[in-house]
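The structure under discussion is supplied below as structure tokens; questions concerning it will follow.
Chain letters run A, B, ... following the sequence lines, proteins first, then strands; residues in each count from 1.
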Amino acid sequence: MHLSAETYNIQQAFSRYCLTGKNRRITGVQPDRLSWYREMVFNILTEALEAAFPIAYANLPQRKWDSMTQDFCSHHACKSYQLWKMPLEFYTYAVEHSWDEKYDIPYLNDLLSFEWAELELYNMEDLPTPAFVPQGNWLHDVILLNPEYRLLAFKYPVQKETTRRKLLQQVGAWFVLLYRIPVTGQVQFVELSPWLAFVAEQLYAGITLSDILEYAPQLNITVTDTLASDTITFLREMQTRQLVLGFQP
Amino acid sequence: MVGIGFRREFAEELIAGELIRPDFIEFAPENWMHIGGHWKKLLHQAVEKYPVLCHGLSLSIGSPEPLDQEFLRHVKSFLDEYQIQLYSEHISYSKCDNAHMYDLLPVPFRMDAVRHISSRIQQVQDFMERPLVMEIVSYYTPVAAEMSEVDFICEIVRQSGCQLLLDVNNVYVNAFNHQYDAKEFISQLPLDKVGYIHMAGHEKVLPDLIIDTHGEAIIDPVYDLFEWTIQRLKPVPVLLERDLNIPQLPALQGELNRLKSICNKHWSISHALVGGNI
Ligand SMILES: [Fe+2]
């Protein structure tokens, strides 16, 4: 490397200041101009986070949000060379540092995971759509689903509630499937019962519905007369909503 | 050739080509790589309609740490996929200790930094198999400078063999903020190496400080400096950068027209076709 240790240290001090806002004493700078850099770097990071997590930003207490962004910018080295992927690092950082406990926001991880999944699905590279036919036997044919999806399990219903009180009241097992509509590129989500979440997971693994239904008793699912027909009704509805593509030819 | 930065805010209008119709578009690979869905479709439509130049953000040529080889590989395949005719970047750093900051920080004007940056430019050019066009960035404070800005730039061009992206607004902003003469600065540059020009608006935030926001229309003194400058250059592509505070599109088209008429006045059409990069 051609860079001297001294120049390296100066560049390091300058960038550390931009990320932390601390230790302004840097060799050979105009002190009154330095803070502009801190402001610009911090704004770029926080604005990207606010845009990625609009529900969290709008609903978490401002001082907690500010403390989180400050902590993240100061202590985390962003690895992504694409700004739009940086919020994933924020979500990961929140989980690794148990921010749900530290900030007493039990639903934080669920919320960040939900918002990140929505953004990631919206932007992510196109996946090939398998060849399918629109009609087939719901029980015995392999049902093909939209490959651009995320199936998430939450403790709190962050997909439909935003206030703390309502979220905490409804602690439980929530399942949400997000998927990208092929033509428009818009992201939709559907709330699933534990049974339908299991069905979706198995259908994605290529298991037929009749085989999935055999597992129902082992999952403590009450096998009613209408379980199969209710499941098929749901899948038909999902075909109109472009989650179910059709059947393997 | 006068182009405009391709932005999501007016992507559909650019593709329609009615309210605004540049000669080419420019975008940052980092904003469009590994993207699918809606925006990928629009990107494809835009690339079909216009020639494209790319202006990178995350190369961080001035970083102390080694170049990110994986990043370079992805950029190269992106440039190849879209048959990008010119790849430019910034003489600055946006990453340190492997932490991306997503902004352009000023490199100390020092000879060791010149050597460091020049050898990295060569590495990138070799890897990319295309010339790098390096932009003189706006900066608000020098950092531990041991040489003048113009000597720093000239020496990088000489040692690396890169081309220059002359952002006329940046030079105007820097000349104002650091109290030097913009024309004198430009006169001292290796003008035969200029391969691309940027133009933009800025914002005066203090009596002695202009911030390069790309959020306003180009002001008359910057047009004047542009006109003065291009008389000293061979024809090259000219880009209007507008990132914030996007106006009605006919106003942007008006800026493109004004730039084009200045170019046409000084660069004859036949000359431009021979000398232009696209
Ligand atoms: Fe520029």
Side-chain angles (χ1 to χ4, degrees), chain A residues 1-19 26-37 39-45 47-48 73 75-86 89 121-127 148 180-187, chain B residues 29-42 57-60 62-66 68 70-71 74-75 93-108 110-120 139-146 177-178 205-206 208-209 211:
Chain A
M1 182 165 83
H2 300 281
L3 213 56
S4 72
E6 188 194 349
T7 306
Y8 186 150
N9 290 339
I10 292 165
Q11 287 190 250
Q12 198 172 38
F14 195 98
S15 62
R16 289 306 306 155
Y17 166 72
C18 290
L19 289 169
I26 298 159
T27 315
V29 298
Q30 259 177 276
D32 57 321
R33 299 273 177 88
L34 196 56
S35 50
W36 288 97
Y37 280 100
E39 202 172 300
M40 288 186 288
V41 169
F42 192 66
N43 283 349
I44 287 168
L45 289 165
E47 280 171 17
C73 295
H75 300 113
H76 175 74
C78 291
K79 293 283 172 294
S80 173
Y81 53 79
Q82 293 186 279
L83 181 59
W84 78 266
K85 289 186 178 170
M86 177 276 291
E89 299 184 42
L121 265 180
Y122 182 67
N123 279 334
M124 74 177 202
E125 285 181 285
D126 300 332
L127 295 176
E148 297 174 344
R180 184 163 74 184
I181 303 285
V183 176
T184 63
Q186 297 305 309
V187 176
Chain B
E30 292 83 347
N31 291 340
W32 296 93
M33 284 154 66
H34 313 305
I35 288 272
H38 174 68
W39 287 111
K40 173 127 182 188
K41 290 194 185 92
L42 261 63
L57 295 169
S58 297
L59 175 64
S60 198
S63 278
E65 66 264 24
D68 180 342
E70 191 199 324
F71 166 75
H74 284 300
V75 174
Y93 71 118
S94 56
K95 186 170 92 164
C96 193
D97 298 327
N98 288 309
H100 282 277
M101 284 163 284
Y102 312 103
D103 200 6
L104 307 171
L105 306 189
V107 177
R110 293 174 156 217
M111 202 44 102
D112 60 326
V114 166
R115 284 193 295 272
H116 179 66
I117 288 173
S118 301
S119 89
R120 286 158 65 92
Y139 65 104
Y140 308 112
T141 171
V143 183
E146 291 178 348
N177 288 341
H178 308 293
V205 294
L206 291 171
D208 67 342
L209 182 65
I211 299 287

For chain B, which of A:H76, A:Q186, A:M86, A:E148 has the most heavy-atom pairs under 4.5 Å?
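It is A:M86.
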
I'd like to know if B:R110 and A:E6 make a salt bridge, using a cut-off of under 4.0 Å between side-chain N and carboxylate O.
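A salt bridge is present here (some side-chain N lies under 4.0 Å from a carboxylate O).
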
Could you check which of B:A145, B:P66, B:S94, B:A99 has the highest count of heavy-atom pairs closer than 4.5 Å to chain A?
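Top count of heavy-atom pairs under 4.5 Å with chain A: B:A99.
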
So what's closer than 4.5 Å to chain B heavy atoms on A:I44: side chain, backbone, both or neither?
side chain

Between B:H34 and A:K85, is any pair of side-chain heavy atoms under 4.5 Å apart?
yes

Considering only heavy atoms, which portion of A:L19 lies under 4.5 Å from any heavy atom of chain B: side chain, backbone, both, or neither?
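When you check distances to chain B, only side chain atoms of A:L19 fall under 4.5 Å.
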
Are any side-chain N or O atoms of A:N123 and backbone N or O atoms of B:I35, one a donor and one an acceptor, separated by less than 3.5 Å?
no

Minimum side-chain heavy-atom gap A:W36-B:I211 below 4.5 Å
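They are in side-chain contact.
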
If I compare all heavy atoms of A:I10 with all of B:A144, which pair ends up nearest, and what's the gap?
CD1-CB, 3.5 Å

Check: A:D126 side chain, B:G37 main-chain N or O, donor-acceptor pair, under 3.5 Å
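Between the backbone of B:G37 and the side chain of A:D126 there is a qualifying donor-acceptor contact (under 3.5 Å).
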
So, B:K41 side chain and A:V183 main chain: donor-acceptor pair closer than 3.5 Å or not?
yes

Are side-chain heavy atoms of B:D208 and A:R33 found at a separation under 4.5 Å?
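Sidechains of A:R33 and B:D208: in contact.
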
Kindly indicate, with the supporting measurements, whether the criterion side-chain contact (heavy atoms from CB on, under 4.5 Å) is fulfilled by A:T7 and B:V107.
CA-CA 9 Å; A:T7 306; B:V107 177; 6.0 Å; no

To the nearest 0.5 angstrom, please state how far the OH atom of A:Y37 sits from the OG1 atom of B:T141.
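Rounded to the nearest 0.5 Å, the OH-OG1 separation comes out at 7.5 Å.
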
Need one label for A:T184: side chain, backbone, both or neither, based on atoms under 4.5 Å from any heavy atom in chain B.
backbone

Taking all non-hydrogen atoms of both residues into account, name the closest pair between B:S119 and A:H2 and its distance.
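Minimum heavy-atom separation between B:S119 and A:H2: OG-CD2, 3.6 Å.
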
Go through B:L206, B:D68, B:V205 and name the one with the most non-hydrogen pairs under 4.5 angstrom from chain A.
B:V205

Does any part of the side chain of A:M40, heavy atoms only, come nearer than 4.5 Å to the side chain of B:M101, both counted from C-beta?
no

Can you find a pair of side-chain heavy atoms, one from A:C18 and one from B:D103, that are under 4.5 Å apart?
no

Closest contact, heavy atoms only, A:K79 versus B:H100:
O-CD2, 3.5 Å

Minimum heavy-atom separation for A:S15 and B:Y93, please, with both atom names.
N-OH, 3.9 Å

Heavy-atom pairs under 4.5 Å with chain B, option from A:V187, A:L83, A:L121, A:I26 with the top count:
A:L83

Taking the inter-plane angle between the rings of B:F71 and A:Y81 on a 0 to 90° scale, is it parallel (under 30°), tilted (30 to 60°) or perpendicular (over 60°)?
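Answer is perpendicular, since the angle exceeds 60°.
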
Taking the side chain as everything from C-beta on, heavy atoms only, tell me whether B:P108 gets closer than 4.5 Å to A:F14.
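Not touching, per the 4.5 Å side-chain cut-off.
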
Kindly indicate whether the side chain of B:P142, heavy atoms from C-beta on, has any atom under 4.5 Å from the side chain of A:Q30.
yes

Can you tell me which of B:H74, B:E146, B:K95 forms the most heavy-atom pairs within a distance under 4.5 Å of chain A?
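Sorted descending by pairs with chain A, the first entry is B:H74.
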
Could you look at A:P31 and say if it's the side chain, the backbone, both or neither that has a heavy atom under 4.5 Å from chain B?
neither

In terms of heavy-atom pairs under 4.5 Å, which option from B:P106, B:G36, B:S60 contacts chain A the most?
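The answer is B:G36.
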
Would you name the heavy atoms of B:M33 and A:Q82 that are closest together and state the gap between them?
O-NE2, 2.7 Å

Check whether any side-chain heavy atom of B:H38 sits under 4.5 Å from a side-chain heavy atom of A:Y122, and report yes or no.
yes

OG on B:S63 to CD on A:Q11, rounded to 0.5 Å
7.5 Å

Quick check on the interface: out of B:S118, B:P64, B:A113, who has the most heavy-atom pairs with chain A under 4.5 Å?
B:P64

B:Y140 side chain vs A:D32 backbone, donor-acceptor pair below 3.5 Å
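Here the side-chain-to-backbone pair does not exist.
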
